Amino acid sequence: MRTLTIISAILFINLFSGLSSAAGETRLRENAPEHYQVVPGDTLWGIASRFLREPWRWPEIWRMNREQIRNPHRIYPGDVIIVENTLYGSRLRMASEKGTVRLSPGIRVEKSAVRAIPGIPAEKIEPFLSQPLVIEKGRLDGAPVILGASDDRVILSTGDKIYIRDLPVDQGVIWQVFRDGKALTDPDRDNRILGYEAVYLGTVEITDFAAISTARISRSVQEILKGDRLLPLSSAKIDNYLPHAPDFSVVGRIISVYGGVNEIGENMIVTLNLGSNSGIEPGHVLAVYHENNIRSHEGKQIGLPDERVGLAMVFRVFDTVSYALIMQSTRSIKVVDVVKTP
């Protein structure tokens, strides 16, 4: 069963309304379809991009208060969205196979075996919500340590029985395995260290608490070794992040990319040298710019205007760094590319 309240329906109907009024830049695309049926795997960002030139601006069309309405999305596979022309411009309405849904105060209850579609691809960011990722220097030094297996193997993996020292008994039975990673440095501040990236190796389940506890590796994504450290599992919270531009000027850089690749494209995770200390919050959308230079006929390097190459949306924030998902890219994005308020 799912409940679709009148508030949810009105919010979505107003998703693209007012496109010819104060919304200004946010207007329908020239090739916007007349109707669209939501299918499994859709996201609100993806649907918005079919209709809007700047899909990240859909909350502005809602005219919602982000502090009061954090998760207004109740759109499901099978729902049909149609474009209609009004005296006040084009807008979208929800429709059923039998015709347009007429709204009236009250609650509509319908049977459904599917879940509402998310704002952005949840599977892309879920692992980054349940893992610490960025830690202070030395934090792992005092964490519980893997002593090894009874057969003294060097490399440990899924299914192996292992032994752990200094494990607290009051922080649950599921723990994650980490190893110290690279330092995250700020190229705009003399390479000052902003934090250290913890390398996630896998998950273990404790089977017996003692002075030396026993556990079994339930998941390994990389080799697990003696001496690797454990941190308690953080609860993952998948939220329908409301995309919005910062209401202040932001200038930062991409300082790292997950996976160690050289070129960055859509749906990849990047690290920014901006965090909560800079006012960054989940949902902030930033434009990505590439700095261009050419060599003149005199042999001098001349700076050209920065070229906008994509959009990134922040989904997890630490004090000095944050993680963002590349939502759009028109060309390859690289580490040290600039991010700014769009």
Side-chain angles (χ1 to χ4, degrees), residues 122-186 191-239 255-261 269-273 275-277 282 315-324:
E123 72 278 2
K124 300 293 183 182
I125 66 172
E126 185 173 10
F128 295 84
L129 299 178
S130 62
Q131 301 164 15
L133 296 177
V134 178
I135 57 176
E136 300 82 14
K137 183 178 182 179
R139 182 185 173 189
L140 288 180
D141 293 345
V145 62
I146 295 177
L147 298 175
S150 58
D151 58 4
D152 206 30
R153 277 179 294 117
V154 175
I155 298 175
L156 307 169
S157 59
T158 302
D160 287 346
K161 181 179 179 180
I162 60 173
Y163 298 94
I164 302 166
R165 188 179 63 203
D166 302 327
L167 189 70
V169 299
D170 58 350
Q171 298 186 42
V173 298
I174 306 299
W175 290 68
Q176 293 178 322
V177 187
F178 290 91
R179 186 180 301 147
D180 281 324
K182 64 183 178 183
L184 297 172
T185 60
D186 190 342
N191 289 320
R192 177 170 66 91
I193 294 178
L194 302 175
Y196 291 83
E197 202 163 48
V199 179
Y200 170 69
L201 305 174
T203 303
V204 304
E205 182 175 359
I206 311 305
T207 57
D208 181 53
F209 287 96
I212 295 180
S213 299
T214 306
R216 187 170 301 278
I217 299 175
S218 56
R219 181 181 185 228
S220 61
V221 296
Q222 294 190 45
E223 295 178 348
I224 296 175
L225 308 175
K226 294 180 181 180
D228 287 333
R229 302 283 179 164
L230 274 69
L231 294 173
L233 177 68
S234 301
S235 57
K237 181 183 178 183
I238 299 296
D239 199 357
I255 59 173
S256 179
V257 55
Y258 183 74
V261 298
I269 306 293
V270 296
T271 312
L272 311 179
N273 65 342
S276 59
N277 292 347
F315 64 88
R316 189 168 186 193
V317 180
F318 298 87
D319 289 344
T320 55
V321 300
S322 58
Y323 284 84

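For clarity, every value in this text was computed on a predicted model and none was experimentally measured.
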key: Any Ile217 side-chain heavy atom under 4.5 Å of Ser157 side chain   = no
ask   = Quick check: does any side chain N or O of Ser220 sit under 3.5 Å from a backbone N or O of Thr158, one acting as donor and the other as acceptor?
value = yes
Rounded distance [0.5 Å steps], CG in Leu272 versus CG in Asp186 = 11.0 Å
key: Member of Asp180, Leu201, Val145 meeting the side chain to side chain contact (heavy atoms under 4.5 Å, CB included) criterion with Arg229   = Val145
request  = Specify the closest pair of heavy atoms between Ile255 and Leu184, including all atoms of both residues, with the distance to one decimal.
outcome  = CD1-CB, 4.1 Å
ask   = Is there a side-chain contact between Glu197 and Val199, using heavy atoms and a 4.5 Å cut-off?
value = no
request  = Under the ring-ring contact (aromatic ring centres under 6.0 Å, His included) rule, collect the residues that match up with Phe178, sequence neighbours excluded.
outcome  = Tyr200
key: Interatomic spacing from CD1 in Ile164 to CD1 in Ile212 - rounded to 0.5 Å   = 11.0 Å
request  = Give a yes or no on whether a salt bridge exists between Lys226 and Asp152, defined as a side-chain N under 4.0 angstrom from a carboxylate O.
outcome  = yes
message = Testing the basics here: between Ile206 and Ser213, what is the closest heavy-atom pair and its distance to 0.1 Å?
response = CG2-CB, 4.5 Å
request  = State the OG-CG distance between Ser256 and Asn273, to the nearest 0.5 angstrom.
outcome  = 11.5 Å
Ile146 versus Ile162, closest heavy-atom pair with distance = CD1-CD1, 4.0 Å
query = In terms of the angle between their ring planes, are Tyr323 and Phe318 parallel, tilted or perpendicular, with boundaries placed at 30° and 60°?
reply = perpendicular
request  = Please name the residue in the list Asp228, Val221, Leu231 that meets the side chain to side chain contact (heavy atoms under 4.5 Å, CB included) test with Val177.
outcome  = Asp228
request  = Would you mind listing every salt bridge (Lys or Arg N to Asp or Glu O under 4.0 Å) that reaches into residues 205-224, with sequence neighbours excluded?
outcome  = none
message = Could you measure the distance from the CG atom of Leu233 to the CD atom of Gln171? Nearest 0.5 Å is fine.
response = 11.5 Å
query = Which pair of heavy atoms, one from Gly195 and one from Val134, lies closest together, and at what distance?
reply = CA-CG1, 4.4 Å
key: Heavy-atom check, side chain of Trp175 versus side chain of Leu167, under 4.5 Å   = yes
query = Does CD1 belonging to Ile174 count more than 12 external heavy atoms closer than 6.0 Å?
reply = yes
Counterpart residues, side-chain contact (heavy atoms from CB on, under 4.5 Å), relative to Asp170 (two or more places apart) = Pro168
Nearest heavy-atom neighbours spanning Lys124 and Ile269 = O-CD1, 4.0 Å
key: Shortest non-hydrogen contact from Ala149 toward Leu156   = CB-CD2, 3.8 Å
